[in-house]
Structures are given as C-alpha cells and as structure tokens.
Protein chains: 2
Amino acid sequence: MTITLAQLRYFCELADAGTFGRAAARLHMSQPPLSRQIAALEAELKTELCVRGAKGIVLTPAGVQFLADARDVLRQMARARRNVAAARAGEMGQLSIGFTMCAAYSVVPALMRRYRDAFPQVQLKVREMMPVVLDQALRSG
Amino acid sequence: MTITLAQLRYFCELADAGTFGRAAARLHMSQPPLSRQIAALEAELKTELCVRGAKGIVLTPAGVQFLADARDVLRQMARARRNVAAARAGEMGQLSIGFTMCAAYSVVPALMRRYRDAFPQVQLKVREMMPVVLDQALRSG
DNA sequence: GATAGTTACGCACGACGTAAGTATA
DNA sequence: TATACTTACGTCGTGCGTAACTATC
C-alpha cells in the first residue's frame with residue numbers, strides 16, 4: 001500500500017549486488033522476504049524496476065531512474081538525522097545573553113521563564129550592559 | 001528502531017495542526033497511535049521535537065529543523081514516484097531506429113534481441129538507410 | 001543438475017482502536 | 001471541571017524465516 005524506507009534500502013542494495021541472493025546476504029536477511037518486498041515496491045509503483053534473469057538482475061530504465069531517486073531520499077533522511085543531532089547539541093551548554101536596562105523589567109523575565117521551561121538543559125547567563133559595550137560583547141562571544 | 005515515512009507524515013501534520021487531536025483527525029486516526037508514533041520518533045532521534053502543553057504543542061529548535069528536513073524527504077519521495085511514472089510512459093509506445101549497412105549484420109541483431117527481452121512493450125521499428133538520409137530522419141523524428 | 005528466484009506456510013512483532021488514567025488551566 | 005496527552009490492553013495486519021516449488025543455463 002505505501003512505500004517504506006526499508007524497501008528503498010533493499011532496492012539500492014539489490015541494484016548494487018546484482019542478484020537477490022547477494023543483496024539478501026548483505027542485508028542480513030533471506031531471499032524470500034527481499035524478493036517479496038521488491039515485488040511489493042514494483043506493484044506499488046505499477047512499474048517493473050528490474051528484469052530477473054538466470055544470472056542475476058538488470059535494471060530497467062525506470063529502475064535506473066528510481067535508484068537515483070531512492071538514494072536521494074535515503075541521503076536526505078541521513079542528513080535529517082545529522083541535523084537533529086546537531087540541533088540537540090546546540091540546545092545544551094551555555095547561552096549568554098546581554099540586555100539593556102530599558103528591557104530589564106518588561107520582556108526579559110518572561111522570555112527567560114519560557115526558555116527555561118522549553119530547554120532546561122541550557123544554562124542561561126544573563127547580564128545587564130550599556131548598549132555600546134553589549135554590541136562589542138556579542139561580537140566577541 | 002527505524003524511522004518510517006509514516007512517522008515523518010505524522011510529524012509534519014502535527015506541526016501544522018498544533019495539537020495531537022487535530023492532527024490525528026486530519027490523518028484519519030485516533031490520538032493514541034499518533035502520540036505513540038511521535039514518541040517513538042523522538043526516542044529514535046534521542047531528541048524532543050516538541051513540548052506538550054495544555055493548549056497544544058510547540059516545536060523545539062530541533063523540531064523546527066527536523067520539520068524542514070522531513071518535508072524535504074517526503075517531497076523527494078513524491079518526486080521519485082512521479083519520475084518513475086514518467087519513465088514507465090517512456091518505455092511504452094514506439095521506438096524508431098535507423099542504421100547503416102556496415103552495422104547491419106554485426107551489432108544490430110544482438111542489440112535488438114536484448115532490448116526486446118528487456119522491454120517487450122516497446123514496438124521496434126528498424127530500417128536501413130544511407131548515412132546522410134539517416135541523419136536527417138533522426139532530426140525529424 | 002546447479003543456480004537464481006518465487007510461492008506456501010507458520011510465527012512473531014508492531015500498529016491501530018477503545019477505554020482508562022494523568023495533568024494542567 | 002474541561003481539555004489535551006499518555007498508558008493499558010486486545011485484535012489484526014504485515015514482515016520475516018524455513019521449506020517446497022519453478023525456471024533457466
């Protein structure tokens with residue numbers, strides 16, 4: 001009914017390996033499930049992706065096209081995971097914030113409370129400065 | 001254990017809807033499975049993607065980042081499906097091929113056989129021509 | 001007859017829905 | 001107390017593996 005990321009991985013591995021048997025071995029599974037998943041993928045796409053022969057498989061033009069796209073999807077997925085890991089790292093550690101007197105009693109406390117609620121791992125360092133000094137401090141970290 | 005495309009769809013819909021209840025309704029499912037799948041996604045990423053409150057959810061920075069990436073993945077997946085449909089269309093219909101005498105008995109028959117084996121839906125039209133005429137015929141279709 | 005792929009069958013994990021529980025404004 | 005989300009539990013679908021079958025060189 002719907003394509004899965006596993007099916008994309010299976011297809012890419014199959015294209016690399018050249019035969020169902022080798023691909024299944026690389027994927028640490030047996031041939032029958034792999035065969036079924038590729039068949040399901042082709043059924044979902046209503047398109048043959050490879051031609052089965054006695055000496056292995058050959059990709060159809062549609063298969064070649066889909067191989068490139070499937071790799072893109074998997075690459076993008078990997079990128080998403082890396083980005084999340086990076087974002088998680090960014091939410092930890094120390095966040096230094098400077099502000100000026102005119103904002104001290106109006107917006108700062110509310111912002112701090114909301115931020116601490118959302119990201120308790122972050123250590124907030126808050127300091128009041130003169131505008132010119134603040135600008136310089138921000139540039140230097 | 002592994003992220004699924006369904007989880008990406010769920011998360012995108014949740015970010016759009018703002019609450020689990022509305023997102024579940026849009027996805028034609030009940031809240032509990034949606035809640036579990038989002039929890040599973042966060043567990044897999046080892047990162048909180050949104051903060052649950054009494055009035056709905058708010059994305060964390062990591063959640064905002066992942067939302068953009070998840071949408072990219074789903075877009076790329078849709079593109080892959082369209083490309084396959086286009087490739088399938090390209091494999092049907094008629095393929096006209098011209099060739100010159102010197103190739104007639106060597107490579108052409110083998111190529112034809114292999115092509116017909118792979119793509120039986122394509123109707124092959126093969127014709128022998130003089131080089132100059134062939135060039136002109138190719139340009140005109 | 002050996003190699004490659006598919007179909008048959010049984011099991012187990014995972015997803016969903018209903019119902020009950022928990023928390024916050 | 002009302003709204004929003006989570007946990008509990010039972011059912012059903014789907015994926016996997018082993019074994020048997022089919023086809024091609």
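Just so it is clear, the structure is predicted and the values come from calculations on it, not from any experiment. The basis for the numbers below is simple: all heavy atoms, side chains too, and nothing from hydrogens, waters or symmetry mates.
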What is the distance, rounded to the nearest whole Å, between atom CG of A:L41 and atom P of D:dT14?
16 Å
Quick one: which residue pairs count as a side chain to side chain donor-acceptor pair (under 3.5 Å) with a foot in residues 12-34 of chain A, not counting sequence neighbours?
A:E13-A:R26, A:D16-A:R71
Whole-Å gap separating P (C:dG5) and CD (A:Q37):
16 Å
For B:Y10 and C:dC16, is the shortest distance between a side-chain N/O and OP1 or OP2 below 4.0 Å?
yes
Got a second to check how far B:Q76's CD is from A:L74's CG, nearest 0.5 Å?
10.0 Å
Rounded to the nearest 0.5 Å, what separates atom CG in A:D72 from atom CZ in A:F66?
11.0 Å
Listed pairs, N/O of protein and of nucleotides 3-10 of chain D, under 3.5 Å:
from, atom 1, to, atom 2, distance (Å)
D:dC5, OP1, B:F20, N, 3.1
D:dC5, OP2, B:F20, N, 3.1
D:dC5, OP2, B:G21, N, 3.2
D:dT6, OP1, B:R52, NE, 2.7
D:dT6, OP1, B:R52, NH2, 3.4
D:dT6, OP2, B:S35, OG, 2.1
D:dT6, O5', B:S35, OG, 3.3
D:dA8, N6, B:R36, NH1, 3.4

A:E44 and A:Q7, any side-chain heavy atoms less than 4.5 Å apart
no
Answer yes or no: is there an ion pair linking B:E42 with B:R36, defined by an N-O contact shorter than 4.0 Å?
no
Please tell me if the side chains of B:I38 and B:L14 come closer than 4.5 Å, counting only heavy atoms from C-beta onward.
yes
Nearest-angstrom distance from the residue atom CG of A:L5 to C1' of D:dG15
16 Å
Take atom CE of A:M29 and atom C1' of D:dT18, then tell me their distance rounded to the nearest Å.
14 Å
